[in-house]
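A quick note: this is a predicted structure, and the numbers were derived from the prediction, not measured. Computed over heavy atoms, backbone and side chain alike; hydrogens, waters and symmetry mates excluded. Sequence positions, counted from 1, serve as the residue numbers for this chain.
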Amino acid sequence: MFVEDVQFRSDRFIKCIIVILLGFILWPLDQNYAFADENWVEVEQMPYVTDKSGKGRKIKFLDYRDRRQSWNFRFTFFGSSSEIKDYAITTTQLVSSLKSDGVAFDFAISVSYNVGAFSIGSDLGLMTGKYDGDVSLLQPKASVHVMADNMFKNPYFVPYLKLGASQMKFTNPDTSDIPDITSSISMFYALGGMMSLDWLQKPMAMEAYFNYGLDATFLVIEFENFPGIGADNISGIPDIKQSNLKVGLQLVF
């Protein structure tokens with residue numbers, strides 16, 4: 001009898017421990033549901049919680065329109081196919097078309113203020129590349145933009161417009177009698193479209209939002225055009241024309 005009584009008490013003790021442990025585990029989950037029921041915003045590193053019945057369910061990712069702030073910072077990395085027309089290799093030799101060797105690289109930092117269905121803001125960028133005949137280009141740029149990124153809850157496609165100015169420095173090969181050409185400040189415009197990538201991997205996008213504040217990731221296609229580029233340090237050279245077709249990735253914080 002004594003052995004059976006001890007075993008009975010031991011079983012009751014183990015069951016009590018299990019109940020207490022389950023209470024510690026289930027209580028925070030119950031609090032999560034209370035927050036959800038009261039429309040609180042809960043920040044979780046993992047995009048999943050366990051419901052009261054023990055089944056798994058996904059937390060719905062907030063729509064872009066709901067999670068974006070009044071101000072956004074944008075970082076864009078471009079690869080560009082660039083063409084320059086009427087370029088002067090020497091004082092007597094003009095090239096009708098000068099194309100980039102491989103890919104020219106472009107980087108831009110932007111600040112946007114979100115108002116209504118649009119975002120308006122400014123950009124600072126830098127493009128660098130090499131062209132036929134070992135011509136090198138260094139091209140800082142500044143512009144303003146208007147983006148229609150809040151017309152829908154989630155911006156699967158966002159058209160935009162940029163207007164800006166740039167000054168370029170071209171470096172010619174050693175065989176040229178023009179070592180470099182520094183342009184005057186030249187105006188340009190750009191038309192583009194951005195496609196959201198978040199819907200491809202919602203759990204990954206949600207985790208990046210919680211951990212790093214990444215609001216959205218976009219694939220960007222942009223056409224940039226410089227209708228006339230004058231040279232400051234060389235006289236007698238006609239205006240250069242430049243166009244860039246760019247494909248890139250934009251991170252929005």
For residues Glu222 and Lys162, determine if any side-chain heavy atom of one lies less than 4.5 Å from a side-chain heavy atom of the other. yes
What pair of heavy atoms forms the shortest contact from Lys85 to Ile240, and how long is it? O-CG2, 3.5 Å
Asp106 side chain to Ser80 side chain, donor-acceptor N/O pair below 3.5 angstrom: no
Considering non-hydrogen atoms only, spot the tightest contact between Val103 and Gly79 and give its length. CG1-CA, 3.5 Å
If you compare all heavy atoms of Ser183 against all heavy atoms of Ser166, which two are closest, and at what distance to 0.1 Å? OG-O, 4.4 Å
If we only count heavy atoms from C-beta on, is the Asn72 to Asp215 side-chain gap below 4.5 Å? yes
I want to check something: taking the side chain as every heavy atom from C-beta on, are Asp198 and Met204 in contact at a cut-off of under 4.5 Å? no
Connected hydrophobic set around Val252, excluding itself, where side chains approach under 4.5 Å: Tyr64, Phe78, Met147, Val158, Tyr160, Met194, Phe218, Val220
Rounded distance (nearest 0.5 Å) linking atom CG of Asp134 with atom CG of Asp101: 7.0 Å
Would you say Phe223 and Met168 are hydrophobically clustered, going by side-chain heavy atoms of ILVMFWY under 4.5 Å? no
Flag yes if Val146 and Leu191 sit in one hydrophobic cluster, no otherwise; membership is Ile, Leu, Val, Met, Phe, Trp, Tyr, and two members link when side-chain heavy atoms are under 4.5 Å apart. no
Counting neighbours of CE on Met195 that are heavy atoms of other residues, nucleotides or ligands and sit closer than 6.0 Å, is the number greater than 12? yes
Met187, Phe226: one ILVMFWY side-chain cluster at the under-4.5 Å cut-off? no
Looking at every non-hydrogen atom in both residues, tell me the closest pair between Ile185 and Ala165 and how far apart they are. CG2-CB, 3.8 Å
Determine whether the side chains of Ser122 and His145 contain a donor N or O and an acceptor N or O closer than 3.5 Å. no
Would you sort out whether Gln250 and Ser110 count as a side-chain contact (heavy atoms from CB on, under 4.5 Å), showing the intermediate values? CA-CA 10 Å; Gln250 183 176 106; Ser110 311; 5.6 Å; no
Which of Ile178, Leu138, Ile181 passes side chain to side chain contact (heavy atoms under 4.5 Å, CB included) with Phe170? It is Ile181
Is a side-chain donor-acceptor pair under 3.5 Å present for Asn225 with Ser243? no
Side chain to side chain donor-acceptor pair (under 3.5 Å) for Asp180 and Thr171? Distances and angles first, verdict last. CA-CA 4 Å; Asp180 59 69; Thr171 303; 5.9 Å; no
Apply side-chain contact (heavy atoms from CB on, under 4.5 Å) to residues Gln167 and Thr182 and explain how you reach the verdict. CA-CA 7 Å; Gln167 186 173 37; Thr182 302; 3.9 Å; yes
List the steps and the verdict of side chain to side chain donor-acceptor pair (under 3.5 Å) for Gln139 and Gln242. CA-CA 12 Å; Gln139 184 177 11; Gln242 183 187 20; 3.1 Å; yes
With side-chain contact (heavy atoms from CB on, under 4.5 Å) as the criterion, how do Ile84 and Ile229 come out once you've worked through the C-alpha distance, each side chain's angles and the decisive distance to 0.1 Å? CA-CA 10 Å; Ile84 299 170; Ile229 306 166; over 6 Å; no
Parallel, tilted or perpendicular: which one describes the rings of Phe75 and Phe253, with boundaries at 30° and 60°? perpendicular
Quiz question: by atom type and distance under 3.5 Å, do the side chains of Asn244 and Ser82 form a donor-acceptor pair? yes
Can you tell if the side chain of Trp71 reaches within under 4.5 Å of the side chain of Ser112, non-hydrogen atoms only? no
Go through the structure and list residues passing ring pair (Phe, Tyr, Trp, His ring centres under 6.0 Å) with Phe77, not counting sequence neighbours. Phe107
Heavy-atom side-chain proximity of Thr217 to Leu249 below 4.5 angstrom: yes
Taking the side chain as C-beta and beyond, is there a heavy-atom pair between Phe118 and Asp149 under 4.5 Å? no
Does Leu137 offer a backbone N or O that forms a donor-acceptor pair with the side chain of Thr128 under 3.5 Å? yes
Tell me whether Met127 is reachable from Leu163 by hopping between hydrophobic residues (I, L, V, M, F, W, Y) whose side-chain heavy atoms are closer than 4.5 Å. no
Indicate, with yes or no, if Val144 and Phe188 share a hydrophobic cluster defined by side-chain heavy-atom contacts under 4.5 Å among Ile, Leu, Val, Met, Phe, Trp and Tyr. no
Residue pair Asn114, Ser70: steps toward the side-chain contact (heavy atoms from CB on, under 4.5 Å) verdict: CA-CA 5 Å; Asn114 303 315; Ser70 297; 5.6 Å; no
For the pair Gln69 (side chain) and Arg67 (backbone), establish whether a donor and an acceptor sit closer than 3.5 Å, ignoring hydrogens and angles. yes
Could you check whether any side-chain N or O of Arg65 sits under 3.5 Å from a backbone N or O of Met151, counting only pairs where one atom can act as donor and the other as acceptor? yes
Does the side chain of Glu224 reach to within under 4.5 Å of the side chain of Lys141, using non-hydrogen atoms? yes
Contact between Ser136 and Tyr131 at the side-chain level, heavy atoms closer than 4.5 Å - yes or no? no
